[in-house]
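These notes concern the structure reproduced below.
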Amino acid sequence: MRSQMFTEIREVVKEGKGFTTLRFRFARNALPGQFVMVWLPDIDEIPMSLSYVEDFKGITVREVGVATRALSSLRVGDSIALRGPFGNHFEPSHGLNLIVSGGTGAASLMPVAEVVGDKRRVDVAIGARTRDEVIFENRARLSSSEVRVSTDDGTYGMKGTAVDLARIMMKEKRYDMILACGPEMMLRSLLELSKEYGISCQFSLERFMKCGVGLCGSCALDGKRVCADGPVFRREELESVSEFGKYKRDEAGLKVSL
Amino acid sequence: MRSQMFTEIREVVKEGKGFTTLRFRFARNALPGQFVMVWLPDIDEIPMSLSYVEDFKGITVREVGVATRALSSLRVGDSIALRGPFGNHFEPSHGLNLIVSGGTGAASLMPVAEVVGDKRRVDVAIGARTRDEVIFENRARLSSSEVRVSTDDGTYGMKGTAVDLARIMMKEKRYDMILACGPEMMLRSLLELSKEYGISCQFSLERFMKCGVGLCGSCALDGKRVCADGPVFRREELESVSEFGKYKRDEAGLKVSL
Amino acid sequence: MKSLRVSVAGIILKNPTILASGIIGETGRSLLSAIEAGAGAVVTKSIGLNVRKGNTNPTLVELPYGYLNAMGLPNPGIEAFGEEMSIAIRGGAPVIGSVFGQSAEDFALLCSRMQKYGASAVELNLSCPHASGYGMEIGVDPDNVSQIIRAVKRSVSIPVFAKLTPNTERIVEVGRAVQEAGGDGIVAINTLKAMAVSIEARKPILSNKIGGLSGPAVKPVGLRCVYELYEELDVPIIGAGGIETWRDALEYMMAGAVAVQIGSAVGKKGLKVFGEIGSGLARYLKSRGMEGLDELVGVAHA
Amino acid sequence: MKSLRVSVAGIILKNPTILASGIIGETGRSLLSAIEAGAGAVVTKSIGLNVRKGNTNPTLVELPYGYLNAMGLPNPGIEAFGEEMSIAIRGGAPVIGSVFGQSAEDFALLCSRMQKYGASAVELNLSCPHASGYGMEIGVDPDNVSQIIRAVKRSVSIPVFAKLTPNTERIVEVGRAVQEAGGDGIVAINTLKAMAVSIEARKPILSNKIGGLSGPAVKPVGLRCVYELYEELDVPIIGAGGIETWRDALEYMMAGAVAVQIGSAVGKKGLKVFGEIGSGLARYLKSRGMEGLDELVGVAHA
Ligand SMILES: Cc1cc2nc3c(=O)[nH]c(=O)nc-3n(C[C@H](O)[C@H](O)[C@H](O)COP(=O)(O)OP(=O)(O)OC[C@H]3O[C@@H](n4cnc5c(N)ncnc54)[C@H](O)[C@@H]3O)c2cc1C
Ligand SMILES: Cc1cc2nc3c(=O)[nH]c(=O)nc-3n(C[C@H](O)[C@H](O)[C@H](O)COP(=O)(O)OP(=O)(O)OC[C@H]3O[C@@H](n4cnc5c(N)ncnc54)[C@H](O)[C@@H]3O)c2cc1C
Ligand SMILES: Cc1cc2nc3c(=O)[nH]c(=O)nc-3n(C[C@H](O)[C@H](O)[C@H](O)COP(=O)(O)O)c2cc1C
Ligand SMILES: Cc1cc2nc3c(=O)[nH]c(=O)nc-3n(C[C@H](O)[C@H](O)[C@H](O)COP(=O)(O)O)c2cc1C
Ligand code: FES
Ligand code: FES
């Protein structure tokens, strides 16, 4: 085992405005929904979902601050150091799956669409704020029979949120499982929606992560450690979690409203 | 891995005057010629060859001092703690092997006779000081086509040493390999004899052992560590070893004449 | 199941396994989850006077035989921690409030708040190896330690435990200072001062450079400390360092620990480690026909 | 192959790997075999004034991540060791004579004999954690250490290295005392004071009860010590503790070591470990287009 293991960036893909995919080799088995801790010396070490889980792995970064900006500016030949993969993973249903992605959520969701390996069992709803931020639409089409897009500002696809889109799709078809990742308020609404329809779900959540291995407690979500007990939670788990969609914790462990 | 792992004595066999075999389970793979470190709390931890290397393992102890006396007085249900097995092992020839045992030497040699698995490829010469000290004669017969015995005082078998006996046997048959264990002066003579006949040999040696894992250097034989590079040495190795048959080292590393 | 009950300075634990400080102990519900998983008691994250964010990541290095961490004592501050305590104490198991400070006054203040919040005992972190000005700098000086213990003893009525560092040749001296100042127990050990270097980055991996080593690698050091302390002291000793199995726990108890804390194993094995150690100990007692753990504490000194 | 030559206080090593003290170093021919296997230099077993048998077995416990030993400084005494030295120095690599004593006079006497025997340098074992009256008891007191170094420096002209214990919070202070007293280099670290308990025997396994932990478990502690010493001192530092691969060696060099000692890995990997580390370092230099190791020493401090 080596911790903070360096690997070279082999490919850089600009996915859309502010989104960059970095591809690299990392000889560890990974499953859809798992994440890695990415270290940029002198900057930070941050959690990133694996957007590609096969041999030629990848992460897809949205630029939001110092570390993600530094990551987004890397070029082929540069190196990053990784630990992981960590956490549990998505387990798609053997029936019909609806994948609901908000923003960067697509990063952890694409691998699960691909792992199903049967287009007829996967539909995808991609939500973004605006046209430029829609990512992985074409990738989704390769593994799904139906891909629809919504944007908050209506510049592309349906005008509305990913949840609005999901609602429409759920009216049209009977899904067996909703797999989702995105802003927590979106997931909160999606949980309500899935309860309405009585559909199982698995949502991937984010919390402030330091250790990534279930020790430090910084990623606490009620009594659960998002890094180790999650990041993927089922509907039943989320229903019993008082903090879901309400609070997260900052670096000091203080409660912060979402 | 557990160090100094306890196991219960399942069987105690008095082999002859001053020789006791203790049988026990010890779930580690072992090869003929390897040894274990045997700990008796409050007494000592000493090296002992495995006289049985299969699942139901064993050691055969000659009473010579405090630790061996304590070992010899153990009963079924008592426990000893083991580390190991350590060291390299005998590799019998695919041709005809002559096993030459002096005293407790038989302990490490019987397993190699058995591992050959073909009586026609094994002859055994057992040397002892006196009749009561001849051990494993019957056991040897089960895996060899010819077993002869010598005693120093002539009370059983031929009168003479194991080397005298080996000399006779070597005149009668052409052996491909001599496998031997016993007092070092005996091995020294046997080395000369095997040179005369141009026969390969593998001898198992003893030195003062503390760590058993090749660290402390207390088992030094010239630049070799008997515990890790041995205890089994080939003719070529022994010919280049200045201390063989001459000196050993005491607990302080001081040279002592053999 | 044989009774695994132990009493530590008058506090009754249903079994001798305790969640170590700094392990998921920043929130009340996390502490509850350790209790639900079978911990006999839980120790909170070390709490200070003020909000602290701790160090920038990387704060953790994974090693084959343990972890190296330099969290930097992140915590929401004693004020905000009251809410977490009120949740934690609902678990029905003793909650031990860990605190860190720079002066005897800091410690006294923090401990009296912890008592008010319902802590069954307080644990003074005199031993963090990587937060400068706190922890081990003050915990290696017997006089300093003595002063802190006295101040805390004046301010609380619940038992006061001191958590000691192994990064000194004076651990027994410091332990004696704790005892003589009226401390009710000793926790040993905190992490070993250590480092990891990335040869690719050509620098220490931790943003703080230096961190604390924990896990199986430190077990032999922890055992030695407990053994040495037990030889010299009368106050109860709580063992910590590299405990992953019931065998490890028993080694510590034979060396002199009345109870054990479990930290790194929560990362490697999850919270189920508490239940596993508990049932392993119960099986051991049963197979030996023993009634309780008391008769095992310190037997390695015979 | 790029040159792996390093100079330590003026002594030239063909590569930076050194056999650590106490590892097969009791006899001349064993030392030769380490040189033949590729060690850049060898350190003898620590030799004292008189014959010592060391402790009764068990003197070693094998752990998944290292060893625990309490050999008890067995050695044939400085008198008899002359014969071994005369053999060892035939190897053509520097032989460093390690010595232990109870007073400055002991050390001075032992070192002058080592010099007479042809040692390229002496290494003062101020750090054995388990032989009482020798080693770490005297090695944690800067004044004491200072006195010893001065006495030795007066009695020999070869470089004098002090081997320090990590079992103290004062390692940098002690290192400074060595430097100020004229010591030519520091070796860090010796083993960590530790113990193993057998739950079946209900007692410590080592006959000496307490021993020294070595191997991968202590690498993070050794690295931290080297890093801290390098920050404060100007004399060369030789790193030791858990080095098994060229990567480990490089971590130590980046932390500030000019050369490295290898102990426990000889048990786990055999003497070939020297050659393996050497060729690994050479490959590294080549792949980076570097001319030598010098430019790597201490880079982790940038
Ligand atoms: C399990 C998991 C998977 C993630 N996967 C992705 C992904 O695939 N793509 C992607 O773009 N982003 C992902 N994120 C979010 C990503 O980690 C943050 O955007 C990133 O850490 C921000 O760092 P920064 O320095 O750029 O921004 P900063 O300015 O430091 O922080 C911006 C915000 O990011 C969050 N953040 C910062 N540091 C952390 C941290 N250590 N842990 C969690 N959140 C943090 C905080 O909410 C903070 O307010 C994931 C987060 C988690 C927990
Ligand atoms: C690889 C190896 C395999 C051995 N196999 C056997 C065996 O199968 N059966 C058997 O009866 N004996 C065997 N021996 C010898 C056995 O280890 C000694 O007889 C035993 O250690 C004596 O211990 P004691 O306390 O009874 O006697 P002591 O009175 O302590 O010593 C008697 C003599 O035994 C030798 N001895 C003592 N301690 C050790 C030690 N730690 N290492 C090596 N020699 C020691 C010394 O020569 C000493 O003078 C073996 C030795 C070695 C090195
Ligand atoms: C991630 C992490 C955070 C820790 N935080 C604290 C802390 O806040 N206060 C404290 O006293 N000890 C802290 N420790 C030390 C542990 O409580 C424990 O003493 C040490 O890790 C040894 O036990 P272990 O080997 O079981 O982990 C921390 C340890 C780890 C691994
Ligand atoms: C069996 C054994 C014997 C040792 N004897 C000595 C000794 O005599 N003198 C000494 O200075 N160090 C001695 N040491 C310590 C080593 O030289 C070294 O400092 C320590 O083991 C750390 O390095 P490692 O992890 O590579 O083993 C001994 C170590 C072992 C394992
Ligand atoms: S990030 Fe440390 S417990 Fe989850
Ligand atoms: S017994 Fe220690 S090296 Fe052989």
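Protein chains get the first letters and strands the later ones, always in sequence-line order, with residue 1 at the start of each.
- Heavy atoms of C:Y67 lying under 4.5 Å from chain A belong exclusively to its side chain.
- Taking CD from C:E200 and CH2 from A:W39, the interatomic distance works out to 9.0 Å, rounded to the nearest 0.5 Å.
- The candidate with the highest count of non-hydrogen atom pairs below 4.5 Å against chain A, out of C:V61, C:N55, C:T59, is C:V61.
- Contacts of residues 237-258 of chain A with chain C at a heavy-atom distance below 4.5 Å involve A:S242, A:R249, A:E251, A:A252, A:G253, A:L254, A:K255, listed in sequence order.
- Of the listed residues (C:A34, C:A80, C:P58, C:G267), the one with the most heavy-atom contacts under 4.5 Å to chain A is C:P58.
- For C:K14, the NZ atom counts as densely surrounded, since its 6.0 Å shell holds more than 12 non-hydrogen atoms of other residues, nucleotides or ligands.
- Per-residue heavy-atom pair counts under 4.5 Å with chain A were compared for C:I205, C:V51, C:I87, and the maximum is reached by C:I205.
- The heavy-atom pair separating C:S30 from A:A220 by the smallest distance is OG-CB, 3.7 Å.
- Atom NZ of C:K53 sits in a sparse spot, with 12 or fewer heavy atoms from other residues, nucleotides or ligands closer than 6.0 Å.
- Within the 4.5 Å cutoff, side-chain heavy atoms of A:R225 are placed close to those of C:V266.
- Residue contact with chain A, scored on non-hydrogen atoms closer than 4.5 Å, involves the side chain of C:E83 exclusively.
- Top candidate by heavy-atom pairs under 4.5 Å with chain A, chosen from C:N69, C:N75, C:T56, is C:N75.
- For A:I43, the part sitting under 4.5 Å from any heavy atom of chain C is the backbone (N, CA, C, O) and nothing else.
- Residues of residues 208-217 of chain A lying within less than 4.5 angstrom of chain C, judged on heavy atoms, are A:M209, A:K210, A:C211, A:V213, A:G214, A:L215, A:C216, A:G217 in numerical order.
- No other option in C:A196, C:G28, C:S198, C:G54 has as many heavy-atom pairs under 4.5 Å with chain A as C:S198.
- Looking only at distances, a side-chain donor or acceptor of A:Q4 sits under 3.5 Å from a matching main-chain atom of C:L60.
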